[in-house]
Amino acid sequence: MNNTKTRKRLQITFQSDISLPEEESDERSEPKAETSEKSGSKGRIWEFIAIATIPIVLVFGNSMLVPVLPEMQRQLEISKFQSSLIISIFSLAAGVFIPVIGYLSDRFGRKKIIIPALIVYGGAGILAGFGAIWNSYAVIITARAIQGMAAAGTAPIAMALVGDLYKGGTESKALGLIEASNGVGKVLSPIIGSLLVLIVWYASFFAFPVFCALSLLAVLFLIKESKHGEKQPLKSYIHKIGQIFREKGSWLITSFFAGSLGLFILFGVLFYLSNTLEEAPYHIDGVLKGAVLAIPLLGMVITSYTTGSLIKKKGLLMRWLMNIGLVMMTLALAATIFFFKNIYVFIGLLTVSSVGTGLLLPCLNTMITGSVQKSERGMITSLYNSLRFLGVAFGPPLFGWMMDISDRVVFITVSCLSLVTLGLVFFLIKPPRQIN
């Protein structure tokens, strides 16, 4: 019997391109009854809710301000380019600082990074609000850069925290929840931003500290983090990160690329749809436009949470779902080349593509967080999130540039990119049949 088990383990290892650290394998082979008992507890549900608030706060940082930009241009008498920097400076600052924050979270602990990040995030929102009252663009742009740096310590570190707190099916479910709450934030934030503009155009800036305070209280009182491990010397830490990429670089880099591209396409096509809805013959804007944009995002949200709940430690299922998701994205985006002028079919195809994204991302999240030890997890998940963040940041401007050339160029480009990603994922990401 023992010989049979040994042969099975060896067979799975040799067929896989993804290997988990030995100490984590032991942790993840805990009895199912214990995991099931924990996941069913009320404390676990409240913990999930607390974790879900972190990515929502991050998403609000940009998406809630999109409806504010036209009014900001008029009030501050600034150009479209200057108003676009309100979004871009936040995303770029976050993208640059995420790896640094990831290292600090590995060294000092996740909560010790998330808590001050939320405080600074909310405080910078107040500063931006006073900048608007003082009619000072310089103060607003400075505050937004500070917010971006603080944002680096929110959702990316929450992903590493999930990897620390949970194992097996509970971990993948929590990561699916993070992806779903990220999408929920993107659905709600334009609508909330549109409603806040009705009060006063800079009300969104003062709303940030409210959301941050709620998330801060949830993290402080509902999440119990275990004691962090020994602090590694920087040289040893960098050596271990380098070793991870030497051993697993082919599938890790492919995963980073696939996650970044998935969000690049998602928010690029939503930017395209947003512009299309405001033009003739539709002339849809404000809250109603936000509701229409929510349709594809809801497809992603529901799929992300369901996928996270189903995949557990099933490596073969993850591989199937990732490839199916990319096939859906490729075919749906290819079809938009011919149907982008029919708004109803177009929204339907974008929803199919978003469902494909919802199949892809939770699988990538689970594999990435589960493939490294706790002591290096913050850096790896931060590098991944940094690229995802840059994908979101560069999606709308690059789509805008392609739209100036031709509508068909937009969808030919994204369908080709999806096809290339499908090929890379199919050949380079091969998780074991069962990730133990």
Ring pair (Phe, Tyr, Trp, His ring centres under 6.0 Å) filter on Tyr384, not counting sequence neighbours, yields Phe256
Taken in chain and number order and not counting sequence neighbours, the residues that satisfy side-chain contact (heavy atoms from CB on, under 4.5 Å) with Ile324 are Trp320, Met328, Leu359
*Does any non-hydrogen side-chain atom of Thr336 lie less than 4.5 Å from one of Val414?*
no
Item to check | Test item: Leu58 and Ile54 side chains (from C-beta on) under 4.5 Å apart, heavy atoms | outcome: no
Review point. Quick one: do the Arg144 and Gln147 side chains pair a donor with an acceptor below 3.5 Å?
Key: yes
Would you say Tyr202's side chain and Gly131's backbone share a donor-acceptor pair under 3.5 angstrom? no
Scanning both residues in full, the closest heavy-atom pair of Asp164 with Arg110 reads OD2-NE, 2.6 Å
Between the CG atom in Leu220 and the CD1 atom in Ile115, the distance rounded to the nearest 0.5 Å is 4.0 Å
In short, Phe90 meets Ala151 closest at the heavy-atom pair CZ-CB, 3.7 Å
The reported gap from CD1 in Ile113 to CG in Leu104 (rounded to nearest 0.5 angstrom) is 5.0 Å
The side-chain contact (heavy atoms from CB on, under 4.5 Å) partners of Val410 (sequence neighbours excluded) come to Phe399, Met402, Met403
With sequence neighbours left out, the residues meeting ring pair (Phe, Tyr, Trp, His ring centres under 6.0 Å) with Phe206 are Phe130
Check: Leu333 main-chain N/O paired with Ser353 side-chain donor or acceptor under 3.5 Å: no
### Message
I want to check something: taking the side chain as every heavy atom from C-beta on, are Leu364 and Met322 in contact at a cut-off of under 4.5 Å?
### Response
yes
Exercise. Do Leu398 and Phe264 come close enough that some side-chain heavy atom pair is under 4.5 Å?
Worked result: yes
* Asked: Where the side chain of Ser105 meets the backbone of Gly102, is there a donor-acceptor pair that is under 3.5 Å apart?
  -> yes
The side-chain hydrogen bond (donor to acceptor under 3.5 Å, both in side chains) partners of Ser215 (sequence neighbours excluded) come to Thr53
Nearest heavy-atom approach of Ile178 to Ser181 is O-OG, 3.0 Å
Heavy-atom closest pair (Ala128 atom, Ile140 atom, distance to 0.1 Å) is O-CG1, 3.6 Å
Checklist entry - Aromatic ring centroids of Phe48 and Tyr166 under 6.0 Å? => result yes
The side-chain contact (heavy atoms from CB on, under 4.5 Å) partner of Ser260 among Asn385, Ile265, Leu387 is Leu387
So side chain to side chain donor-acceptor pair (under 3.5 Å) across residues 123-140, not counting sequence neighbours, yields none
Does Ser304 reach the main-chain N or O of Gly176 with its side chain, forming a donor-acceptor pair under 3.5 Å? no
#### Entry: Leu196 side chain near Met64 side chain, heavy-atom distance below 4.5 Å
yes
